[in-house]
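In what follows, every heavy atom counts, from backbone to side chain, and hydrogens, waters and symmetry copies are set aside. Both counts, for ligands and for their atoms, begin at 1 and track the order of listing.
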Amino acid sequence: MEFATRLLHGTSGIDSVTGASSIPIFQASTFHQFDIDKPGTFDYARSGNPTRQALEEAIAHLEGGARGFAFSSGMAAISSVFLLFSAGDHLVVSEDVYGGTFRILTKVLTRFGIEATFVDTTKPELVEAAIKPTTKGIYLETPSNPTLKVTDLRTVCAIAKKHGLLSIVDNTFLTPYYQRPLELGADIVIHSATKFIGGHSDVVAGLAVTHDEELGSQLYTIQNGFGAVLGAQDCWLVMRGLKTLKTRLDASTASAGKLAEWLTAQPGVEHVYYTGLASHPEHFLQQRQASGHGAVLSFRLAGRPQVKAFFDAVKLPLVAVSLGAVESILSYPAMMSHASMPVEERAARGITDGLIRLSVGLEDIEDLKVDLAQALAAAAKVQQITASAV
Ligand SMILES: *Cc1c(COP(=O)(O)O)cnc(C)c1O
């Protein structure tokens, strides 16, 4: 079956008991045991809930893994996966990981004796060079946020295998529709389902899928023990979002590609970051390991005053933290996702004061162009004022 069909009929199409067209929301915290000698499939809802199970089976099926898990947020999924490691363990991590991942690694896990080295994972030789005798895992995010750098998953997962390390990939930006890291050699794939999978800016959720059963049972112990599970209603919302994942991404990605090309030709836009542009340094690598470029792009204006004028003028997209929704979302990494990062660290990662991230939604592309054009014109006026003032 093709992906679009699997989204609808894969594992969670209809309720097997009633035939209901959507899996019911089992709003129950506990389950009656009809015979204490023969425990039922479900006993207590932290340990398992039929609605959650349907979502967990669906994501495992779509990623091609053995076991799926639903958590109360992307960060709950990520934190729970990190609990697979122990005091004394060392991790090699993509240098531009999601800010929340950076924070838990540097502010919390260090207190438990888990150490991380951040490297530019687009250079596999740097990954290998960072491996120490205590290294137990490699944690990747590709394309990275917000400058969309691409890590070669096959090569880096092979390095992990060679050294007996767990490889973990945050697949939030591309989803299993475009990229399936488990097929490229990864052991665990993670999602913030708050983004493209949920897709409607109405639910916070996280997912994880393990390549094999054994890792799955280890992660189940943590999910059940740590308890950061996703509630039944939110599981239902995520499944509802999942059904239209392909259709939403097809439309948003097509618009993102056109907007990226268009932006490169707009006055005042100094650079456009999008893996779909032939000028992107890892354009061909991205085409080899993923079937699409996704709906997120970034572009750079001259600086803070231009960005301010642009945001003041723009009307259609939400200006917000988050991405991957039906409505377009603009965000300003320097003051939002990466505000806590020291200026030099930000600059080293290309997150300058002029950088803007755009997650393209489902609006008519001509309307988006008109709106972005008038906002860019407002930004260009600032340039003239500063230029003539000098
Ligand atoms: C948003 C995001 C997260 C965190 O997910 P939450 O659902 O907000 O906890 C992790 N990784 C990436 C790439 C994200 O965009």
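- Aromatic ring centroids of Phe102 and Phe118 lie under 6.0 Å apart.
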Just list the N/O pairs, ligand 1 to protein, that are under 3.5 Å apart, with the distance for each.
unit_1: ligand 1; atom_1: 5 (O); unit_2: Ser192; atom_2: OG; d: 3.0
unit_1: ligand 1; atom_1: 7 (O); unit_2: Gly74; atom_2: N; d: 2.8
unit_1: ligand 1; atom_1: 7 (O); unit_2: Ser192; atom_2: OG; d: 2.8
unit_1: ligand 1; atom_1: 7 (O); unit_2: Thr194; atom_2: OG1; d: 2.7
unit_1: ligand 1; atom_1: 9 (O); unit_2: Gly74; atom_2: N; d: 3.0
unit_1: ligand 1; atom_1: 9 (O); unit_2: Met75; atom_2: N; d: 2.8
unit_1: ligand 1; atom_1: 11 (N); unit_2: Asp170; atom_2: OD2; d: 2.7
unit_1: ligand 1; atom_1: 15 (O); unit_2: Lys195; atom_2: NZ; d: 2.7

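- Judged by distance alone, the side chains of Thr275 and His280 never bring a donor and an acceptor atom under 3.5 Å apart.
- Partners of Thr175 by side chain to side chain donor-acceptor pair (under 3.5 Å), not counting sequence neighbours: none found.
- Atom CD of Glu2 has 12 or fewer neighbouring heavy atoms from other residues, nucleotides or ligands inside a 6.0 Å radius.
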* Give the intermediate values and the outcome of side-chain contact (heavy atoms from CB on, under 4.5 Å) for residues Thr244 and His200. => CA-CA 11 Å; Thr244 55; His200 293 71; 4.2 Å; yes

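- With respect to Lys149 and Glu95, a salt bridge is recorded, a charged nitrogen being found less than 4.0 Å from a carboxylate O.
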